[in-house]
Amino acid sequence: MTIPLFRTFCVIGPGLIGSSVLRRLRTDPGLVDRIIVADRDPAVLERIRCLDLGDIITDDIPKAVAEADCVMLCVPVGAIAPVAGTILPYMKPGAILTDVGSTRRSVVDALMPHLRDDIPYVPAHPMAGTEHSGPDAGFATLFEDRWCLLTPAAKAPQEAIDRIAAFWRAMGARIRIMDVDHHDTICAMVSHLPHLIAFTICGTADTLAEDMRAEVLDFAASGFRDFTRIAASDPTMWRDIFLNNSDALLGVLDRFSQDAAAMAKAIREGDEKTIVETISRGRRIRRSLLENRQA
Ligand code: NAP
């Protein structure tokens, strides 16, 4: 018989990420003894009830966390610190607080003043997702072979870090532990900038003259279609990510703008060498992504 990682595990905000965690827990019932799911929205809770993803399903968030050995916040980045501030007074001494937020520095800075000495805080960002949101969007294999980046608070005991790492390994993920600011710079490059570009390209297409816009949609099978998938993501979640990771994001955007300007110059001047080199770099990156099982 396997020993459960947590006796009572609580998810707050069972959307795409939270409900994927819950689905995975249902496929491996030995991981935790009891699942509590909490949300402020009765419609979300009703869906969780229909999908049978929790043992206790409630809108009473303080009561939900009082019995938990681990509380995982799966709410948008901007809501993590306010929700943590609300629940921390009710948590059991020694229970672990974790979240799945896509940005770190501003969340940690806002949350730290509320943190109790007897509550280890071990955030873990799964580098997995889709453009869909809500409890129906989740699936049990979402984290399979994906990276999960842990950014534990300096005071978090090793035992708590090990348990959160073991939890995410059980979700199918690979673990990397890193510093908060490093996390934000990496994520600005691999996730936040690509989303910014996708939203912007769709915005540019949308402002084209009527007849041209219709043709963009007709002939979208070329590169444009791939951008529209990313650009279909949730506005609240991405507003929060952009505003909460603004320094790192503006840094990589600046770098990208310089590279785009260099490419424009090469095209203007017929500089074949630079054009071919830039395209070849893209092909190399795609190949290493495939080799690394991340594509
Ligand atoms: P989602 O599907 O929109 O789910 C968010 C959930 O949080 C919903 O159930 C929402 O319900 C609830 N919620 C929002 N504000 C709340 C509040 N103040 N109090 C209580 N519940 C609240 O979002 P998601 O894609 O799962 O993202 C959740 C977190 O994971 C975010 O921090 C995001 O940055 C991170 N993340 C997302 C991805 C991705 O690709 N989607 C990947 C990795 C990490 P109501 O609004 O109906 O109350």
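Order of listing sets the numbers, starting from 1, for every ligand and every atom in it. Please read all numbers here as calculations on a predicted model, not as lab measurements.
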* Angle class for the W238/H192 ring planes (parallel below 30°, perpendicular above 60°, tilted otherwise)? -> perpendicular

* Asked: Are the charged groups of D109 and R105 less than 4.0 angstrom apart, N to O?
  -> yes

* Structure fact -> Closest to atom 42 (C) of ligand 1 (heavy atoms only, candidates G129, S102, A128) is A128

* To do: Verify the ring-centre separation between F199 and F227: is it less than 6.0 angstrom?
  => no

* atom 27 (O) of ligand 1 [closest protein heavy-atom partner, distance rounded to 0.1 Å] -> M237 SD, 3.9 Å

* Structure fact -> atom 43 (C) of ligand 1: closest protein heavy atom, distance to 0.1 Å, is P126 O, 3.1 Å

* Would you please test E144 and R24 for salt bridge (charged side-chain N to carboxylate O under 4.0 Å, His left out) and show each step? => CA-CA 10 Å; E144 206 64 54; R24 184 73 180 215; 2.6 Å; yes

* Would you mind checking which non-hydrogen protein atom is closest to atom 30 (O) of ligand 1, with the distance to 0.1 Å? => V100 CG2, 3.3 Å

* Only pairs at least two apart or in different chains count here, so list each salt bridge (Lys or Arg N to Asp or Glu O under 4.0 Å) that has a residue in residues 275-288. => K273-E277

* Nearest-contact summary for atom 18 (N) of ligand 1 - protein heavy atom, Å -> R40 NH1, 3.5 Å

* Asked: V108 and F242: same hydrophobic cluster, using ILVMFWY side-chain contacts below 4.5 Å?
  -> yes

* Identify whether the distance between the nearest side-chain nitrogen and carboxylate oxygen of D52 and R26 falls below 4.0 Å. => yes

* Close-contact set for ligand 1 against G101 heavy atoms, below 4.0 Å -> 32 (O)

* Asked: Can you find a pair of side-chain heavy atoms, one from S20 and one from L16, that are under 4.5 Å apart?
  -> yes

* Structure fact -> closest protein heavy atom to atom 5 (C) of ligand 1 is C74 O, 3.6 Å

* Out of D99, V37, D39, whose heavy atom sits nearest atom 11 (O) of ligand 1? -> D39

* Atoms in ligand 1 with a heavy atom of A79 nearer than 4.0 Å -> 18 (N)

* **Polar proximity ligand 1 side, I17 side, N/O cut 3.5 Å exclusive** => yes

* Does any N or O atom in I12 lie less than 3.5 angstrom from one in ligand 1, N or O only? -> no

* Ionic contact status for D271 with K265, cut-off 4.0 Å -> no

* Polar contact flag, side-chain donor to acceptor under 3.5 angstrom, N245-T103 -> no

* Structure fact -> Of G18, G15, S133, the residue with the heavy atom nearest atom 3 (O) of ligand 1 is S133

* Structure fact -> Looking only at protein heavy atoms, what sits closest to atom 31 (C) of ligand 1 is V75 O, 3.3 Å

* Specify the protein heavy atom at minimum distance from atom 14 (C) of ligand 1: its residue, its atom name, and the distance to 0.1 Å. => P76 CD, 3.2 Å

* Asked: Does even one non-hydrogen atom of S233 get within less than 4.0 Å of ligand 1?
  -> no

* Structure fact -> Only residue of D184, D247, D99, D179 satisfying salt bridge (Lys or Arg N to Asp or Glu O under 4.0 Å) with R104 is D99

* Short list, please: which atoms of ligand 1 are under 4.0 Å from a heavy atom of V77? -> 32 (O), 34 (O)

* Structure fact -> Numbered in order shown, the ligand 1 atoms found under 4.0 Å of a heavy atom of G13 are 6 (C), 7 (O), 9 (O), 12 (C)

* For atom 47 (O) of ligand 1, what's the nearest protein heavy atom and its distance? -> D41 OD2, 2.9 Å

* To do: Under 4.0 Å from a heavy atom of H125: give me the atoms of ligand 1 that qualify, with their elements.
  => 43 (C), 44 (C)

* **Residue part near ligand 1, for T236, under 4.0 Å between non-hydrogen atoms** => neither

* Asked: Salt-bridged, R40 to D60, with N to O below 4.0 Å?
  -> no

